[in-house]
Amino acid sequence: MQNDESSQPNFENAKSEVQRKTLDQRAQMDDLMRLRHSCAHIMATAVLRLWPDALLDIGPPTEEGFYYDFDLSHRFSPDDFAKIEETMRQVVKENQVFEKSIKTRDEARAFFEAKGQKFKLERLGDIPEGEAISFYQNGEFVDLCAGPHVMRTGNVKPGGFKLLKVASAYFRGNEKNPQLQRLYGTAFKNKEELENWVKLQEEAKRRDHRKIGAEMGLFAFDAEYVGPGLALWLPKGAVLVEELEKLAKETEFQAGYVRVKTPHLAKEKMYKTSGHLPYYAESMFPAMELPLEPEQKTKAERDLAVAQAKYDKLEKQVKATDEFKAEAEKPVRIQFDSQNQTATIERNLEFPISEQLAADLIESEELLAKAENRLKGDRYYLKAMNCPHHHRIFAAEPRSYRDLPLRLAEYGTCYRYEQSGELFGLMRVRALNMNDAHIYCTADQFAAEFNAVNEMYLKHFKVFGLDRYQMRFSTHDPARLGDKFVNEPELWKQTEDMVRRVLIESGINYVEVPNEAAFYGPKIDVQVWSTIGREFTIATNQVDFAVPARFGLTYRDRDNTDKTPLCIHRAPLGTHERFIGFLIEHYAGNFPLWLAPEQVRVLTIGDDQPIVDYAKSIVQELRSQFVRIEADLSTNPIKAKIAEAEKAKVHTMLVIGGRDLEAGNISVRLHSKGPQGAKAKAEVVADILAAIKERRA
RNA sequence: GCCAGCUUAGCUCAGCGGUAGAGCAACGGUUUUGUAAACCGUGGGUCGUCGGUUCAAUCCCGACAGCUGGCUCCA
């Protein structure tokens, strides 16, 4: 497909308009970004030396390194990396100067047309009129580029860069455009910094929740029998889920939430009413159609027959009327009766009221369609969110302003049909537990409720030692009202102003992201950073001013009129799947005592009966206090038992030998912290119970 | 969904056009121990699935499935 000039490519624009970097912003690019940007050019230089017919797209620096997109019939594979890196080192060695030049638009166009660089031509078109069109050249390689760059290719060190992976990327990220091959690499000031980065990557890999999850027996996927993206929580992982839910339930109870329970599916009408079907259909599992019971079917068939008969009759009448009209429009016939000296005008002047007939026909048609539909049976959808069910709970009883705010909480399982390529361990799944609640309130109550929700986030984050976080405030795009966003310009403005005010007044660290809101209202996503600095979007908090009205939800206000409540959707722990995935990486599997799947293990030195009895009594005592405790009473050497317990990441090990038995002591050892010495049994037990109760870090 | 890579015992991985191997785990013994691994033995695999090439396929080719990485941080 490359060098195919005959058909003028007509590329789609990007999915959403990303703001171009201004030249000022570019000039501020730091040294590392410049270096990486230049390294991207060096890589492109090398690729063109090896594959001269490659078509170029763009090669920007990124937070992790850089990439360059190519169109090329040769498929890059990691086997090519050594060759490309070798050529890159050659370019570095040549120490070429990065030279900037300015071309006119016509010159630039002619330049790329001569080379058949169709993607570059498209990029050229993106440059606004009046902005300088700059080129950078190093050696034989010339690229449309706003810079900035380092001075010479030699500024990049031969051991300071590395190719990382090859991936595909749509031109401008739009799936309607051709796919390009993207080569990823990274570069650092020198070899040492690169090596440090590589080490950090390895640490991240060691902490990967999928790896630790398998090692510790937390969860499993069974694509063959259960399905991709559907996690099975093993006993040890289920502990994490339960502890999280316990934490959330306690916090919510104290904050005045009430708990509800709803089914995992609902009729089509639910999601038609909520508006999820038009806006969200692709993310939902396809509908289930329920066949009718035999009696229902017979009745439905009979109803259908009746409706059909009625319809047929009406239709016939309409036809007859049409025929009559045609007849009527014929010339009038006049008959003379010469005997009686009279004339009869043969003509029916009574036209049926055709408007009435037409209306009847339409009504009958609708009835027929309904009857046909009934015969099909009901359509059910697995719920992709809990809110519609909660709205129906709101609607289940008459509500007064005295009932508000009403905070309905449920850890309902939702099902989302994520694209197969989007699935990623626990982080992106198809069955998920939302730490969900919906707060119905009046506009007056909104600020206080919204604040309380934010405070709950912070409370939770403190428990997990997350001090780095940021809230992303997503707003709507006025240009996409009625398409991506419900068409309520006034309400959008009001609620967005309201949210913005709360954020500013409470001094929360936030950024505003245009065009990313939910379809029913503005949204806040909470990003957190794990101990190794990886970013996760954990919690979400959305304002909904649209859907309660669609469900006709009202409360009786003080002035005896019915009003529609506002609704806040919130999930401070997001989905339990993702949150646990995050925690696994955050703690590297070394959970604090209150979360640890196996909190305590008693290890006996030898298996003499008195020692075994002592160990069993400790197990019994702690187990009766709901501590997750096991015992290793085997005859293995104590070193081996410890090694096993350490490997299993058991939080607290209680080593019991003859000495301890005699003194009524327990020798405590903490996972990855080593022996803590022997203490009186009562003291050890009390400390364990306190640490769990306090959710000590 | 699309592109690329991967799929060998429960796990981590070797291997080769001539019907498979190690370590750990499991199981059975022996061992009686003080803070990260005592010793001996046993079992375990349609080499992801389905087709094709071949005298012969785990290996070569194709399709499918699953997993992994990526799919604008815009010249």
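Just so it is clear: chains get the letters A, B, ... in the order the sequence lines come, proteins before strands, and each one is counted from 1. Reckoned from all heavy atoms, side chains included, excluding hydrogens, waters and symmetry mates.
Residue A/Tyr67 is classed as a sugar-phosphate contact, given heavy-atom separations below 4.0 Å to backbone atoms only.
One interatomic measurement links the two molecules: CE of A/Met216 to P of B/A25, which rounds to 18 Å at whole-angstrom precision. Taking atom CD of residue A/Glu422 and atom P of nucleotide B/C71, one finds them 10 Å apart after rounding to whole Å. Between A/Asp71 atom CG and B/A4 atom P the separation is 13 Å, expressed in whole Å.
Under the rule for a side-chain hydrogen bond (donor to acceptor under 3.5 Å, both in side chains), the partners of A/Asp660 that lie at least two apart in sequence or sit in another chain are A/Ser667. Among residues two or more places apart in sequence or in another chain, the side chain to side chain contact (heavy atoms under 4.5 Å, CB included) test is passed with A/Asp613 by A/Gln609. For A/Gln527, the side chain to side chain contact (heavy atoms under 4.5 Å, CB included) partners at least two apart in sequence or on another chain are A/Gln470, A/Arg472, A/Trp529, A/Glu535, A/Thr537. Considering only residues two or more places apart in sequence or on other chains, A/Glu646 meets the side-chain hydrogen bond (donor to acceptor under 3.5 Å, both in side chains) condition with A/Arg669, A/His671. A/Ala596 pairs by the side chain to side chain contact (heavy atoms under 4.5 Å, CB included) definition with A/Phe591, A/Gln599, A/His651, not counting sequence neighbours. With sequence neighbours excluded, the residues that form a salt bridge (charged side-chain N to carboxylate O under 4.0 Å, His left out) with A/Lys523 are A/Asp525. A search for salt bridge (charged side-chain N to carboxylate O under 4.0 Å, His left out) contacts involving A/Glu203 returns A/Arg206, A/Arg207, not counting sequence neighbours. A/Asp31 pairs by the salt bridge (charged side-chain N to carboxylate O under 4.0 Å, His left out) definition with nothing, not counting sequence neighbours. Partners of A/Thr652 according to the side-chain hydrogen bond (donor to acceptor under 3.5 Å, both in side chains) rule, which considers only residues two or more places apart in sequence or in another chain, do not exist here.
Within the structure, a side-chain polar atom (N or O) of A/Lys165 is placed less than 4.0 Å from OP1 or OP2 of B/G70. Listed pair A/Tyr184 / B/C71 meets the phosphate criterion, a side-chain N or O lying under 4.0 Å from OP1 or OP2.
Look at the P atom in both B/A4 and B/U42: the space between them is 47 Å, to the nearest Å. Taking atom C1' on both B/A37 and B/C73, the two are 47 Å apart, rounded to the nearest angstrom. Only the C1' atoms considered, B/G52 is 24 Å distant from B/A20, to the nearest whole Å. Of the C1' atoms belonging to B/C47 and B/U7, the separation is 10 Å, rounded to the nearest Å. Across the P atoms, B/A57 and B/G15 are found 22 Å apart, a figure rounded to whole Å. Comparing the same atom, P, in B/U32 and in B/G45 gives a spacing of 36 Å after rounding to whole Å. Comparing the P positions of B/G21 and B/G44 gives a spacing of 13 Å, expressed to the nearest Å. The gap from the P atom of B/C11 to that of B/G51 amounts to 26 Å, rounded to the nearest Å.
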Are there any protein N/O atoms within less than 3.5 Å of an N/O atom in nucleotides 66-68 of chain B, and if so, which ones and at what distance?
unit_1	atom_1	unit_2	atom_2	d
B/U68	OP1	A/Arg210	NH1	3.3
B/U68	O3'	A/Arg210	NH1	3.0

Polar atom pairs (N or O), protein with nucleotides 34-44 of chain B, under 3.5 Å:
unit_1	atom_1	unit_2	atom_2	d
B/G34	O6	A/Gly658	N	2.8
B/G34	O6	A/Arg659	N	2.5
B/G34	N1	A/Asp660	OD2	2.9
B/G34	N2	A/Asp660	OD2	2.8
B/G34	N2	A/Ser667	OG	2.9
B/U35	O2'	A/Arg669	NH1	2.8
B/U35	O2	A/Arg669	NH1	3.3
B/U35	O4	A/Ser667	OG	3.3
B/A36	N7	A/Arg669	NH2	3.2
B/A36	N6	A/Glu646	OE1	2.9

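A/Trp51 is not listed as a side-chain neighbour of A/Phe70, based on a closest heavy-atom distance of 4.5 Å or more.
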Can you run through RNA chain B from 5' to 3' and write each base as (, ), [, ], | or . depending on how it pairs? Watson-Crick or G-U wobble, both distances under 3.5 Å. (((((((..((((....[..)))).(((((.......))))).....(((((..]....))))))))))))....
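Between A/Phe582 and A/His586, the ring planes lie parallel to each other; the angle is under 30°, not in the 30° to 60° tilted range.
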